[in-house]
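The structure presented is a predicted model; accordingly, all values stated were derived computationally and were not measured. Lettering follows sequence order; numbering is per chain, from 1.
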There are 2 protein chains.
Amino acid sequence: MLLFVIPPNTIFQLKKRVTLKQIAKELEVSVSTVSKALKNSEEISKDTKEKIQAFAKLYNYRPNNIALSLKNKKTKNIGVIIPDIVHHFFTTVFRGIEHYAGERGYNVMICVSDESFEKEVLNMELLANGSIDGFIMSLSAETQEKNDYTHLNEVLEQGIPLVLFDRVSDEVLCDKVILNDAEIAYEAVEYMIQTGKRNIALITTEGYFNVSFDRAKGYQTAIQKNGLDYNGALVLSLPYKSEDESPIWNFFENNEIDAVLCVNEIFAIKCMDVVQRQGKKVPEDISFIGFTNGILSRYSTPRLSTVAQHGELMGETAAKLLIDRIENDLEGNYKTEVISATLIHRESTIN
Amino acid sequence: MLLFVIPPNTIFQLKKRVTLKQIAKELEVSVSTVSKALKNSEEISKDTKEKIQAFAKLYNYRPNNIALSLKNKKTKNIGVIIPDIVHHFFTTVFRGIEHYAGERGYNVMICVSDESFEKEVLNMELLANGSIDGFIMSLSAETQEKNDYTHLNEVLEQGIPLVLFDRVSDEVLCDKVILNDAEIAYEAVEYMIQTGKRNIALITTEGYFNVSFDRAKGYQTAIQKNGLDYNGALVLSLPYKSEDESPIWNFFENNEIDAVLCVNEIFAIKCMDVVQRQGKKVPEDISFIGFTNGILSRYSTPRLSTVAQHGELMGETAAKLLIDRIENDLEGNYKTEVISATLIHRESTIN
DNA sequence: TGGGAGCGTGCAGCGCTTGCACACGTTCTC
DNA sequence: GAGAACGTGTGCAAGCGCTGCACGCTCCCA
């Protein structure tokens with residue numbers, strides 16, 4: 001029977017994967033016959049097919065992915081580049097991507113940019129050299145700040161499909177999946193106004209995230225459309241990662257605030273904590289609404305009302321857009337899918 | 001100059017990646033000359049090399065990963081299979097893997113088993129067909145329950161390296177990275193005893209996780225070695241995912257408990273919440289220690305004392321073991337690296 | 001006896017590497 | 001000054017595993 005090549009220095013016997021060539025040799029037919037037989041081709045007689053198929057099954061033949069990729073110029077892999085993996089929102093989006101891609105027979109390669117422009121570029125170049133059929137990504141903080149998208153455009157020029165989600169840019173022509181950030185921020189603020197709040201603060205990130213920008217816009221519009229005065233002093237920008245609570249403490253001590261919209265979950269939790277230590281009651285004295293319906297919101301004290309971003313749906317949508325584009329020739333016609341966020345009412349807002 | 005093939009139905013001009021063949025044709029040399037020149041081979045004259053290198057640079061030549069993989073029988077990819085991605089611990093481990101792998105020039109393909117045996121098997125088979133050089137995985141709940149590891153052993157027999165972390169099994173002979181679960185549970189319980197606690201409960205998972213088992217062992221040993229009576233009634237097994245709080249509520253109502261060790265963060269948070277709603281004070285009436293130093297622990301009320309599992313270090317260690325095995329012929333000699341957990345004291349325990 | 005079926009083979013090629021052969025020019029030797 | 005010996009630079013071909021086209025062969029029937 002089959003002769004496996006056993007490296008002399010191997011302790012136990014390796015059952016290396018069997019190739020078409022080996023099957024062909026063993027069964028004394030040609031490689032193409034084996035290939036066709038395994039594909040149940042009409043060109044091969046029933047007898048031969050059965051013999052080959054039985055043999056292949058016995059030896060657990062599986063076609064080599066790499067060889068297929070080279071031949072077909074399709075890898076059935078998609079590349080995902082996200083700024084951070086230890087982050088509830090990205091993680092749920094990723095789950096959506098992984099699920100959907102799996103269903104359509106795609107595998108996922110993932111790279112983390114760590115919010116760094118350089119790593120984003122590097123990772124893209126690495127994957128663009130044939131490893132994947134398309135990209136799904138969310139821009140790193142640095143990239144948005146530099147406003148430099150040449151690496152994305154180069155990839156697109158090479159004909160590699162790209163879908164951007166959440167952190168996107170108008171300067172890149174491709175499919176996109178975004179949240180209706182401005183609208184939902186508007187809705188959140190208006191909700192607080194309707195429950196009697198008048199001095200509404202916004203806690204946002206430093207830097208140039210399109211999402212923070214949109215949320216701020218929604219915040220401002222809601223204030224103004226509801227006949228309140230927009231007061232820039234009630235907008236606090238916090239560094240993305242910092243353990244220093246003093247700016248928060250000062251902010252709430254020096255301003256009359258009875259409601260807060262935070263552009264993420266952690267800011268909201270931190271602020272709620274500070275405010276409660278300052279002796280204020282949530283939500284009676286001060287209401288809170290955050291973004292991201294993560295684990296923190298569900299278990300904080302009090303439970304945080306928040307904007308659910310439906311990350312999994314975003315991920316699925318992005319994967320669908322990408323795979324559709326990979327498999328069909330869509331000739332431009334880039335779509336931007338908007339996911340509708342939902343406001344979840346819990347204990348940090350007045351009912 | 002170079003003639004790119006432009007599909008007739010393409011709207012804008014695609015700058016498809018350039019291949020050795022195209023460079024060769026353009027410069028009227030052979031493919032092998034180009035290949036050697038780009039590798040700075042001594043066989044090629046300085047003039048020719050310079051000409052070819054300049055041209056390649058101009059056209060941004062990058063070798064095709066797939067072709068290289070086929071040739072070298074090395075993909076420079078590693079496959080990671082984890083039970084869940086929206087989970088702080090796995091996510092930190094993954095980050096460690098990704099960082100370390102990246103440094104050594106490896107990319108990461110990731111599959112999520114969703115705690116399902118079937119998906120785990122499927123994903124493994126998919127990746128084992130040439131897509132990756134080795135696996136890093138943590139067993140799914142179902143796999144541990146079924147106690148069926150044939151898919152792992154098959155992969156090993158094929159000579160594909162495998163590293164197991166956290167959720168491991170003695171029935172698989174391979175490199176492993178684990179936490180000193182029993183010891184740290186022992187330490188945690190002993191700490192609570194030293195702070196005067198006597199009726200210490202354990203909240204653990206249903207099912208057959210090796211980690212829960214080890215933690216329970218540490219718990220029991222600590223109780224007994226410190227001259228207390230082990231009382232089975234003080235051990236509560238909870239389903240992995242469930243919103244029903246009544247078992248927790250009843251458990252704390254029907255038992256005299258003054259300290260609790262929980263095998264994960266969420267259980268701890270949920271229990272603390274229930275207990276506080278029952279009017280008890282944490283940590284005066286009842287202390288809590290959880291596992292996983294996640295975001296919840298840091299922001300809960302009160303802050304949760306917990307066992308830091310050092311996920312990133314686990315990930316890095318696993319990746320190092322794997323890549324070392326991929327790149328060197330280690331001939332068995334499987335190692336089990338033990339990561340030392342650390343107890344983090346916060347507000348849910350008495351100082 | 002020409003031409004389908006019916007079955008099967010061979011070759012080329014996907015993009016890249018690499019050992020070896022070969023062509024050519026220079027230098028050495030008698 | 002002719003042939004051997006050598007060195008330099010380049011190309012050929014095989015091969016990684018697989019597919020698909022273009023054929024070839026053998027029957028058999030009209």
Side-chain angles (χ1 to χ4, degrees), chain A residues 2 4-5 16-53 55-56 59-77 128-133 158-159, chain B residues 2 4-5 16-53 55-56 59-77 128-133 158-159:
Chain A
L2 255 190
F4 289 107
V5 181
K16 280 273 176 204
R17 301 231 98 135
V18 106
T19 66
L20 289 188
K21 200 175 172 181
Q22 292 170 331
I23 299 181
K25 194 173 175 187
E26 200 58 31
L27 261 30
E28 295 181 316
V29 291
S30 80
V31 173
S32 16
T33 306
V34 179
S35 171
K36 284 177 184 160
L38 294 177
K39 293 200 128 55
N40 237 325
S41 157
E42 292 303 319
E43 287 180 65
I44 309 296
S45 71
K46 210 173 160 222
D47 277 7
T48 316
K49 279 199 283 195
E50 277 171 4
K51 189 176 65 178
I52 293 176
Q53 286 169 1
F55 190 92
Y59 281 91
N60 195 29
Y61 170 79
R62 293 275 181 284
N64 180 309
N65 288 158
I66 299 292
L68 286 178
S69 298
L70 186 59
K71 185 104 248 274
N72 304 334
K73 305 199 159 208
K74 287 280 172 209
T75 60
K76 286 273 189 177
N77 291 155
N129 295 319
S131 302
I132 50 104
D133 296 339
Q158 284 167 28
Chain B
L2 256 189
F4 290 109
V5 181
K16 281 273 177 207
R17 301 231 98 137
V18 107
T19 67
L20 288 189
K21 203 176 172 181
Q22 292 169 330
I23 298 182
K25 194 171 175 190
E26 199 57 32
L27 261 28
E28 296 180 315
V29 291
S30 77
V31 172
S32 30
T33 305
V34 179
S35 171
K36 285 172 185 166
L38 293 178
K39 292 199 128 55
N40 236 325
S41 157
E42 290 303 317
E43 285 182 69
I44 308 296
S45 71
K46 210 173 160 227
D47 278 8
T48 315
K49 278 198 283 196
E50 277 171 5
K51 188 175 66 178
I52 294 177
Q53 286 169 3
F55 191 92
Y59 281 90
N60 195 28
Y61 170 79
R62 293 276 181 279
N64 179 309
N65 286 337
I66 299 291
L68 285 179
S69 298
L70 185 59
K71 182 102 247 268
N72 303 335
K73 305 198 156 209
K74 286 281 172 207
T75 61
K76 286 274 188 174
N77 291 155
N129 297 321
S131 302
I132 50 102
D133 296 340
Q158 284 167 28

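Note on the helix from C:dT1-D:dA30 to C:dC30-D:dG1: angle between the axes of the first and last five pairs equals 90°, rounded to 10 degrees.
Between the side chain of A:R17 and the main chain of B:A128, a donor-acceptor pair closer than 3.5 Å is present.
Between the OH atom of B:Y59 and the OG1 atom of B:T19 there is a distance of 13.0 Å, given to the nearest 0.5 Å. Between atom CD of residue A:E28 and atom CD of residue A:E26 there is a gap of 8.0 Å, rounded to the nearest 0.5 Å.
In this structure, B:V29 reaches the sugar-phosphate backbone alone: every heavy-atom distance under 4.0 Å involves primed, P, OP1 or OP2 atoms, never a base. Counting any heavy atom pair closer than 4.0 Å across all strands shown, A:K71 reaches a base atom. Across all strands, A:S32 comes closer than 4.0 Å to base atoms (heavy-atom distances).
Residues forming a side-chain contact (heavy atoms from CB on, under 4.5 Å) with A:I132 (at least two apart in sequence, or on another chain): A:N77, A:M109, A:L127, A:F135, A:I160. With sequence neighbours excluded, the residues forming a side-chain hydrogen bond (donor to acceptor under 3.5 Å, both in side chains) with B:S131 are A:N65, listed by chain and number. Applying the side-chain hydrogen bond (donor to acceptor under 3.5 Å, both in side chains) criterion to B:S32, with sequence neighbours excluded, gives B:S30. In this structure B:N72 satisfies the side-chain hydrogen bond (donor to acceptor under 3.5 Å, both in side chains) test with no other residue, sequence neighbours excluded. Remark: A:T48 engages A:T33, A:I44, A:S45, A:I52 in a side-chain contact (heavy atoms from CB on, under 4.5 Å) (not counting sequence neighbours). Residues passing the side-chain contact (heavy atoms from CB on, under 4.5 Å) test with B:D133 are B:K74, B:T75, B:Y106, B:I326, sequence neighbours excluded.
Positionally, the nearest nucleotide of DNA chain C for A:V34 lies more toward the 5' end than for the other of B:V31 and A:V34.
Across all their heavy atoms, B:N60 and B:R62 have their closest contact at OD1-NH2, 3.2 Å. Across B:S69 and A:I66, no two heavy atoms sit closer than the pair CB-CG2, 3.8 Å. Residues B:N129 and A:P63 approach most closely at CB-O, 3.6 Å, considering heavy atoms. B:V18 and B:Y61 make their closest contact through O-CD1, 3.3 Å (heavy atoms, listed as atom of the first residue, atom of the second, distance).
The nucleotide range of DNA chain C contacted by chain A, defined by atoms under 4.0 angstrom from heavy atoms of the protein and reported 5' to 3', is C:dC7 to C:dG15. For DNA chain D, the contact window with chain B, defined by any atom under 4.0 Å from a protein heavy atom, covers D:dG9 to D:dG17 in 5' to 3' order.
In the region residues 36-52 of chain B, proximity to DNA chain C at under 4.0 angstrom, judged on heavy atoms, holds for B:K36, B:K39, B:E43. Taken residue by residue, residues 61-68 of chain A places no heavy atom nearer than 4.0 Å to DNA chain C.
With a 4.5 Å cut-off on side-chain heavy atoms, B:E50 and B:K46 count as touching.
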Check residues 34-42 of chain A and write down every donor-acceptor pair under 3.5 Å in which the side-chain atom is one partner and the other belongs to a residue at least two apart or another chain.
| unit_1 | atom_1 | unit_2 | atom_2 | d |
| --- | --- | --- | --- | --- |
| A:K36 | NZ | A:E43 | OE1 | 3.3 |
| A:N40 | OD1 | A:K49 | NZ | 3.4 |
| A:S41 | OG | A:E43 | N | 3.0 |

